[in-house]
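The structure appears right after this line, and notes come after that.
Just so you know, these numbers use all the heavy atoms, side chains as well, and skip hydrogens, waters and symmetry mates.
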Amino acid sequence: MPVAIVTGSDSGIGKAAAVILARQGWDVGITWHEDDYGANGTAEEVRGFGRRAEVRQIDLTQLEDVQNVIGSLADALGGVNALVNNAGTGASTPFLEMELDGWRQVVDTDLTGAYLAGQEAARRMVEQGEGGRIVNVTSVHEHVPKSGSSAYCAAKGGLGLLTKVMALELAEHGITVNAVAPGEIATPMTHQEDEDVSTEDRPAIPLGRPGDAREIGAVIAFLCSPQASYATGASFVIDGGMLLMGAEANALVES
């Protein structure tokens, strides 16, 4: 059976992706940073579909440990066919007030840690000789800036362009690499986990609501599937139309 490793799968988008992949027949490697209870809950859901699950703690700022953890999951599950680089963090600090330690924490987690995990997974996929899938979860802020989020935007923008370079270099090995760029999603990171998104009003988003983590998980699972075999180097923006509003922002502010 195919094996997917999903970082940050203790909650939110990562958990949703892990559960959907398990439903579709994947064994899943699960990682957590602070929420071991959530990670083990994800594992139980995966096993509920008759699939294998392995759980490991990972701190992506401890760069020397990242590849060991990914390798440990791959060894325990008998290989790796897909990697979902989902774990991430952010900081709402004005550029002039951002300190180097805070910058490093965000960039190491969102970009350098993802690079190391992707490299380890890709090396194993090449050795296996069966191709593979890598999905990097970025953000709409891969594409547009956000005031007060210099480190986050730099990391997500960097991960978006890294995705394209990886796609170019790994194509000859049958490995596709894509980004998924969510808008506002109801997750712990936005303090909205498990809320009914249909009841939330977002006038600035054309669809009028935040997204559900399972809506992003479904796109990730598609990109890991054989049906997505001709998609590589792309960034799939899933944001309810948020980015379409740029040209109308001035009119909305005035009204």
message: Could you go through Val180 and Leu223, starting from their C-alpha distance and side-chain angles, then the distance that decides it, and tell me whether this counts as side-chain contact (heavy atoms from CB on, under 4.5 Å)?
response: CA-CA 9 Å; Val180 172; Leu223 290 172; 3.5 Å; yes
- prompt: If you measure only the distance, is there a donor-acceptor pair under 3.5 Å linking the side chains of Ser149 and His141?
  reply: no
query: Can you list the steps and then say if Glu200 with Arg202 is a salt bridge (Lys or Arg N to Asp or Glu O under 4.0 Å)?
result: CA-CA 7 Å; Glu200 298 294 315; Arg202 296 292 186 274; 3.7 Å; yes
- prompt: Under 3.5 Å, is there a donor-acceptor pair between the side chain of Asn81 and the main chain of Val3?
  reply: yes
task: Could you tell me whether a side-chain N or O of Asn136 sits under 3.5 Å from a main-chain N or O of Val177, the two making a donor and an acceptor?
output: no
task: Answer yes when Arg124 and Glu127 have at least one side-chain N-carboxylate O distance shorter than 4.0 Å, and no when they do not.
output: no
- request: Answer yes or no: is there a donor N or O on one side and an acceptor on the other, between the side chain of Asp27 and the main chain of Arg51, under 3.5 Å?
  value: no
- prompt: Looking at Ala18 and Val46, what are the two nearest heavy atoms and their distance?
  reply: O-CG2, 4.0 Å
query: Is it true that Glu215 and Arg209 have a side-chain N and a carboxylate O under 4.0 angstrom from each other?
result: yes
Option from Thr163, Leu162, Leu168 for which side chain to side chain contact (heavy atoms under 4.5 Å, CB included) with Met166 holds: Leu162
- prompt: With a cut-off of 6.0 Å (strictly less than), are more than 12 heavy atoms of other residues, nucleotides or ligands near CZ of Arg104?
  reply: no
- request: Say whether, by atom type as modelled, one donor and one acceptor occur between the side chain of Asn86 and the main chain of Thr7 under 3.5 angstrom.
  value: yes
query: When you measure from the side chain of Asp110 to the backbone N and O of Tyr152, does any donor-acceptor pair fall under 3.5 Å?
result: no
field: Any donor-acceptor pair under 3.5 Å from Lys156 side chain to Val137 backbone
entry: yes
message: Any non-hydrogen side-chain atom of Thr176 less than 4.5 Å from a side-chain atom of Ser229?
response: no
task: Mark yes or no for whether Thr42, through its side chain, and Lys15, through its backbone, hold a donor-acceptor pair below 3.5 Å.
output: no
query: Just checking, is any N or O donor in the side chain of Glu142 or Ser235 under 3.5 Å from an acceptor N or O on the other one?
result: yes
task: Using atom types as modelled and distance alone, determine if a side-chain donor or acceptor of Gln57 lies under 3.5 Å from a backbone N or O of Asp36.
output: no
field: Heavy-atom side-chain proximity of Arg56 to Ile30 below 4.5 angstrom
entry: no
task: Would you indicate whether the side-chain heavy atoms of Met125 and His173 approach each other to under 4.5 Å?
output: no
message: Around atom CD of Glu99, are there more than 12 heavy atoms from other residues, nucleotides or ligands closer than 6.0 Å?
response: no
- prompt: Is Ile216 reachable from Val19 through a run of hydrophobic residues whose side-chain heavy atoms are each under 4.5 Å from the next?
  reply: no
- prompt: Is the backbone of Leu243 close enough, under 3.5 Å, to the side chain of Asp239 for a donor and an acceptor to pair up by distance?
  reply: yes
query: Looking at side-chain heavy atoms only, is the closest gap between Leu21 and Val6 below 4.5 Å?
result: yes
query: Is the side chain of Arg133 donor-acceptor paired with the backbone N or O of Ser225 at a distance under 3.5 Å, no angle test?
result: yes
query: Do the side chains of Phe95 and Ser147 get nearer than 4.5 Å, heavy atoms only?
result: no
task: Check whether any side-chain heavy atom of Trp26 lies under 4.5 Å from a side-chain heavy atom of Met1, and answer yes or no.
output: no
